[in-house]
Number of protein chains: 2
Amino acid sequence: MTAYRTARKRDAAATRQALVQAAAGLFAERGYERTTVREIAARAGVNQALLFRYFGSKQSLFEEVVAGESLRHLRETPPESVLETALRGLLAAGTDEQGQRHRALEIFLRSAVGGTATKTGALLSEEYADALAMLTDAEDAALRADLVLAWLLGIGLTRSVVGRGALAGADPDEVCALVLDCARTMLEKLPQNGGR
Amino acid sequence: MTAYRTARKRDAAATRQALVQAAAGLFAERGYERTTVREIAARAGVNQALLFRYFGSKQSLFEEVVAGESLRHLRETPPESVLETALRGLLAAGTDEQGQRHRALEIFLRSAVGGTATKTGALLSEEYADALAMLTDAEDAALRADLVLAWLLGIGLTRSVVGRGALAGADPDEVCALVLDCARTMLEKLPQNGGR
DNA sequence: ACCGGTTGTAAGCGTCTGCTTACAAAAGTA
DNA sequence: TACTTTTGTAAGCAGACGCTTACAACCGGT
C-alpha cells in the first residue's frame with residue numbers, strides 16, 4: 001500500500017459521499033460505538049482526517065447517515081406497507097441480496113443500545129411508530145404501534161445478533177406470514193399478506 | 001473518601017460476591033461494553049486489580065454473572081409463567097420496585113448487540129426459547145418461540161433505550177394484556193392473563 | 001517470634017479511541 | 001507566472017480502556 005498513489009482525485013463531493021456510504025454500511029453491521037472512524041475512512045478509501053473536515057465529528061456523520069439515507073426510504077413507503085417492507089429489510093440483513101433496502105432499523109438497533117446515538121435514533125423510531133399508528137383506530141393506537149415496532153426491532157436483534165436458533169435460519173416468507181397474521185390483531189387495517 | 005481506611009476486612013468470598021453483584025447491576029444498566037472494570041470495582045468498593053485476581057478477565061466475570069444469577073432465576077420459573085414474568089421484569093427495568101427481578105433479558109439485550117458477549121448471551125436466550133417452545137404443539141414451535149422471545153427483547157429495547165413514546169410510559173398491566181393476548185395466537189397453551 | 005501464603009493497594013504498561021495540527025499538492029484566479 | 005483557496009496526507013495528542021506488576025498489610029501455623 002501507499003506504493004505509487006501520488007495523489008487523490010480531489011473531489012470533495014465524491015469523498016463526502018464515499019464516507020457516508022462507508023459509514024452507513026459499517027453502522028448497520030457493527031453499530032455506532034463499535035465502528036471506528038479509522039474503519040470508516042479505510043472502507044471509503046480516504047484519509048481519516050477528512051471525516052472531521054467534512055462532518056466535524058463521528059456523531060455528526062451518524063446523524064447525516066440516519067437523516068439522509070434512512071428517513072428518506074421510510075417517507076417514500078406508504079404506511080400499510082411499512083411493516084412488511086421493514087420486516088423484509090430486517091430479514092435480509094447480512095445477505096445483501098438487495099442493493100438498497102431498509103437498513104434504517106438495522107442501524108438503529110445496532111447503535112441505539114449504546115446510548116450515544118439515542119437522540120437521533122429516537123427520532124427515527126418515532127417516524128416508524130407514527131406510520132404504524134395510522135393502521136388502527138383503537139384509542140391506544142400509539143401503544144399498539146410501539147409494540148409492533150418493538151417486535152420488529154426484537155426480530156432484527158435476534159436475527160443479526162444471536163444469529164442462532166430457529167428464527168435466524170427461517171424462511172422470510174414464513175416469518176412474514178406469522179408476524180403479519182399476529183400483528184393484525186393489534187393493527188386491524190393491516191392488509192393481507194401480498195404473498196410475493 | 002480514602003480518609004482513614006487503613007485496611008480492608010480481608011474476606012475473599014465477600015469481595016467476590018460484591019464484584020458479581022456490582023457487575024450484574026452495571027451490565028443491566030449499561031451493557032457489557034459500556035461498563036468498565038473500574039466502574040465495577042468502584043461500585044463494589046474494591047480495588048480493580050482484584051477483579052482480575054478472582055475472575056481473570058472482564059469476560060469471565062460476565063459469564064459468571066449470566067450463568068449464576070440469570071439462569072438460576074429462569075430455571076425456577078415454570079414455562080407457562082416465563083412470558084409474563086420476563087415481560088414484567090422488563091417493564092420494571094429502571095424502576096427498582098422489586099428487589100430481585102428477572103434481570104436476565106435486560107443484561108442480555110444491553111450486552112448482546114456489542115458482539116463480544118454474544119456466546120454467553122446466546123446460551124441464555126436459547127434457554128428462554130426452549131421454555132416458550134413448550135407452550136405450543138405447532139410443528140414450527142421453535143420459530144414461534146423465537147418470535148415471541150424477540151418481541152420481549154424488542155419491548156425491553158424500546159423501553160429502556162429509546163425511553164420515549166407510548167410504550168415507555170405505558171401501564172405494565174395494559175402492555176401485558178395486549179402482548180399476552182396477541183402472543184396467544186402463536187402459543188396456544190399460554191394461560192389467560194392472571195389479572196394481578 | 002517468625003514465616004509462607006493470602007488479600008488488598010498503587011502505579012503503570014500497551015493499545016485503541018476520537019480528534020487536531022502542520023504541511024504538501026492540486027485547482028482556481030490574476 | 002504568482003497568489004490564494006481547496007483538497008489530501010502524515011503524525012501525533014490526550015484520554016480511556018483492559019490488564020499486569022511490585023509491593024504492603026494481614027493471617028494462621030509452628
Side-chain angles (χ1 to χ4, degrees), chain A residues 1-20 22-23 26-27 29-65 110-111 114-120, chain B residues 1-20 22-23 26-27 29-65 110-111 114-120:
Chain A
M1 284 298 185
T2 69
Y4 50 112
R5 262 294 289 296
T6 52
R8 280 193 60 81
K9 266 204 301 184
R10 286 185 65 83
D11 184 342
T15 299
R16 263 190 73 106
Q17 207 195 344
L19 281 167
V20 168
L26 283 163
F27 287 149
E29 290 168 28
R30 305 209 223 304
Y32 177 79
E33 313 235 276
R34 291 180 61 84
T35 300
T36 72
V37 296
R38 286 170 174 84
E39 280 176 322
I40 297 171
R43 179 174 293 195
V46 148
N47 188 291
Q48 57 108 8
L50 294 178
L51 189 156
F52 295 95
R53 196 204 296 288
Y54 292 128
F55 301 96
S57 71
K58 183 189 177 188
Q59 173 72 27
S60 300
L61 172 56
F62 179 77
E63 281 162 23
E64 188 137 334
V65 167
R110 288 215 180 250
S111 303
T116 310
T118 304
K119 210 168 286 184
T120 315
Chain B
M1 286 299 185
T2 67
Y4 50 112
R5 258 295 287 297
T6 52
R8 281 193 59 80
K9 265 204 299 186
R10 287 185 66 85
D11 184 342
T15 300
R16 263 191 73 106
Q17 208 196 344
L19 281 167
V20 168
L26 283 164
F27 287 149
E29 289 168 27
R30 307 208 223 303
Y32 177 80
E33 312 235 277
R34 290 178 63 82
T35 299
T36 73
V37 296
R38 287 170 174 85
E39 280 176 323
I40 297 172
R43 179 175 292 196
V46 147
N47 189 291
Q48 57 107 12
L50 294 178
L51 190 156
F52 296 95
R53 196 203 294 289
Y54 292 129
F55 300 96
S57 71
K58 183 189 176 188
Q59 173 72 29
S60 300
L61 171 57
F62 179 76
E63 281 162 22
E64 188 138 332
V65 166
R110 287 216 182 250
S111 304
T116 311
T118 304
K119 209 168 285 181
T120 315

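The analysis underlying the following values was restricted to heavy atoms, covering all of them including side chains, and did not include hydrogens, waters or symmetry mates. In this text, all values refer to a predicted model and were calculated from it rather than measured experimentally. Numbers restart at 1 for each chain; the letters A, B, ... are given by sequence-line order, proteins then strands.
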What nucleotide, of [options], holds the atom closest to the side chain of [X]?
X	options	value
B:N47	D:dT7, C:dA10, D:dT9	C:dA10
B:L50	C:dT9, D:dT20, C:dC19	C:dT9
B:K58	C:dT7, C:dC19, D:dG18	D:dG18
B:V37	D:dG18, C:dT17, C:dC19	D:dG18
A:A49	D:dG18, C:dT20, C:dC19	C:dT20
A:R10	D:dT20, D:dG8, D:dG18	D:dG8
B:Q48	D:dC19, C:dG18, D:dT7	D:dC19

[N] [atom2] sits how many Å from [X] [atom1], rounded?
X	N	atom1	atom2	answer
B:I40	D:dC19	CD1	P	10 Å
B:D11	D:dG28	CG	C1'	16 Å
B:L51	C:dA10	CG	C1'	17 Å
A:F52	C:dA22	CZ	P	17 Å
A:F55	D:dG8	CZ	P	12 Å
A:R53	D:dT5	CZ	P	14 Å
B:R38	D:dG15	CZ	C1'	11 Å
B:R30	D:dA16	CZ	P	14 Å

Answer yes or no: is there a donor N or O on one side and an acceptor on the other, between the side chain of [X] and the main chain of [Y], under 3.5 Å?
X	Y	answer
B:Y32	B:Q59	yes
B:R38	B:Q48	no
B:R110	B:F27	no

Nearest atoms (heavy-atom pairs only) where B:I40 meets B:A22: O-CB, 3.7 Å
Phosphate-side-chain proximity, B:Y54 and C:dG8, N/O vs OP1/OP2 below 4.0 Å: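 Yes, because at least one side-chain N or O of B:Y54 sits under 4.0 Å from OP1 or OP2 of C:dG8.
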Under-4.0 Å side-chain N/O to phosphate OP1/OP2 contact, B:T15 with C:dG8: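 For C:dG8, OP1/OP2 do have a side-chain N/O of B:T15 under 4.0 Å.
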Distance, nearest 0.5 Å, that separates CZ of A:R34 from CG of A:L26: 12.0 Å
Residue whose nearest DNA chain C nucleotide is more 5′ - B:A13 or A:T36: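 The answer here is B:A13.
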